[in-house]
2 protein chains.
Amino acid sequence: MAEELIAGERRERRDVQRNMERVLQAAQELFAERGPDVKMEEIAQRAGVGVGTIYRRFPSKDQLFAAVREAVCQSTRHCLAQAADDTHDPLEQLRAIIMVQYRQSARQAALIDLRPNPADAPVNLDHPGLYASLHALLTRVIASGQRQGSVRDGDPLMLAAICLELLSPRTVQNLSRLVGDDVEAAADHVILFLSAGLAV
Amino acid sequence: MAEELIAGERRERRDVQRNMERVLQAAQELFAERGPDVKMEEIAQRAGVGVGTIYRRFPSKDQLFAAVREAVCQSTRHCLAQAADDTHDPLEQLRAIIMVQYRQSARQAALIDLRPNPADAPVNLDHPGLYASLHALLTRVIASGQRQGSVRDGDPLMLAAICLELLSPRTVQNLSRLVGDDVEAAADHVILFLSAGLAV
DNA sequence: TTTAACGCGGAATGATCATTCCGCTTTCAA
DNA sequence: TTGAAAGCGGAATGATCATTCCGCGTTAAA
């Protein structure tokens, strides 16, 4: 497993990767807690690093934010795909999706709005964002439920969009508060509600 | 109707009220379109006024924003109260409320999140904000529907909170896009959905 | 029409950050 | 152990606003 070093090349300094990880970790925590307006200074501080170090790897705050957001999206997408694979019953899939999204919400809060930015183009399922992924996934699940007769009629795109509105991190936070900040209990309420709203 | 002028008092200059109105109008439009981050300069410009003029009436940007938001809240609250008075059938009331909120959403977009700020105290129905008003109103309507048997069982506070998530300006905007930006059509979908989700 | 207030516009000010820069440290390889 | 390449911290810089200030224009009353 020894590293291949091309002639005249130097191994990467050990502190580089460590600092990189600390920065990403700190940025993820702070962005998730308080949104894109945290100061670079503060991120650097929590990472135990100077601001200059952040800029060595990320050309701008925007790009740091984008990187963090992308990492969180990736991870959520992965969990979602897995959840949807565990069963083929559409209503079960729906439940699994909701639960994943509710469990992930803490990592996403204030980092992902889960709604297309108003400036975005009209909803485009090829868009790489989490909203688009979830919307596409839910649309498929709902359409399949309709085919097998367990979900009522109606435009699957619209039904999926309505469901999605109940899955954004902010919504999760808000509903959870009503049941003593118990995210899973809130998810149960929403699952029940959506099952009824979608039933034949 | 002549104005009473106390000794040594001068009538208010005519341009004062006119400018005040222009400023409020411009601020409402811009805040609703693009949120609290619009520049004072830009508000002044759209109002056809210098920044100094804004500051003569509003000590700070925050207070201008608060004033505009309060005005919009008042107006919406008024429409809601009226809509809820037009009938005593809970499901009809629910429909009316949804329609009002959807119609008002353009004036609110980006100005009101319709969700308690995370920093807020736990949901408090005495809070003067629009979220609290709507939540209280919906809770009452749902509870009354349950009493007369047209709404299924479940904690009215939670059911109301779930409905509310489908009524925020951002949600309205988002769902409307799916039906060609037709706000009323989107409202119909949501009404149908909620009726099903709440039915016995 | 005149005049003293009163408001007005918008340049100047100050605060708050993102971003850059550079002398000092750490790390690697010999 | 040592030299130099690569990173590092954090002060300095510059941009972007909110807010203040003041000489000038308008207005209400006489």
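Throughout, protein chains are lettered first and strands after them, A, B, ... in sequence-line order, and every chain is numbered starting at 1.
- Following rounding to the nearest Å, B:Gln45 (CD) and C:dC8 (C1') show an atom-to-atom distance of 16 Å.
- In this pair, A:Phe193 and B:Phe193 present their aromatic rings tilted. The plane angle is within the 30 to 60° band.
- Side-chain heavy atoms closer than 4.5 Å link hydrophobic residues (I, L, V, M, F, W, Y) into clusters, and following such links, even through other members, never connects B:Ile142 to B:Leu192.
- The base of D:dA6 sits within donor-acceptor range of the side chain of A:Arg13, with an N or O pair under 3.5 Å.
- Between B:Met20 atom CE and C:dC8 atom P the separation is 10 Å, expressed in whole Å.
- Between the B:Gln108 side chain and the B:Pro169 main chain, no donor and acceptor come within less than 3.5 Å of each other.
- Evaluation of atom-type donor-acceptor distances gives no pair under 3.5 Å for the side chain of A:Arg14 against the base of C:dT27.
- Per the geometry, CZ belonging to B:Phe65 stands 16 Å off C1' belonging to D:dA18, to the nearest Å.
- With the nearest nucleotide of DNA chain C identified for both A:Arg18 and A:Pro36, A:Pro36 has the one nearer the 5' end.
- Residue B:Arg56 places at least one side-chain N or O closer than 4.0 Å to OP1 or OP2 of C:dC8.
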Fill in: salt bridge (Lys or Arg N to Asp or Glu O under 4.0 Å) between B:Glu92 and B:Arg95, intermediate numbers included
CA-CA 5 Å; B:Glu92 279 307 320; B:Arg95 288 191 190 101; 2.5 Å; yes
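- Taking only side-chain nitrogens and oxygens, B:Asn19 comes nearer than 4.0 Å to OP1 or OP2 of C:dC8.
- Taking atom CD of A:Gln17 as the reference point, atom C1' of D:dC8 lies 17 Å away to the nearest angstrom.
- A donor and an acceptor atom, one from each side chain of A:Gln45 and A:Glu41, are nowhere located under 3.5 Å apart.
- Between C:dC8, D:dT19, D:dG7, one nucleotide has an atom nearer to the side chain of B:Arg57 than all others, and that is C:dC8.
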Could you run down the sub-3.5 Å N/O contacts of the protein with nucleotides 10-17 of chain D?
from   : atom 1 : to      : atom 2 : distance (Å)
D:dG10 : O6     : A:Gly52 : N      : 3.4

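- Two residues, B:Asp15 and A:Glu12, neighbour DNA chain D, and the one matched to the more 5' nucleotide by heavy-atom proximity is A:Glu12.
- Residue A:Ala186 comes nearest to A:Val179 through the heavy atom pair N-CG2, 3.8 Å, listed as atom of the first residue, atom of the second, then distance.
- Note: the hydrophobic cluster containing B:Phe31 also contains B:Met20 (ILVMFWY, side chain heavy atoms under 4.5 Å, direct or indirect links).
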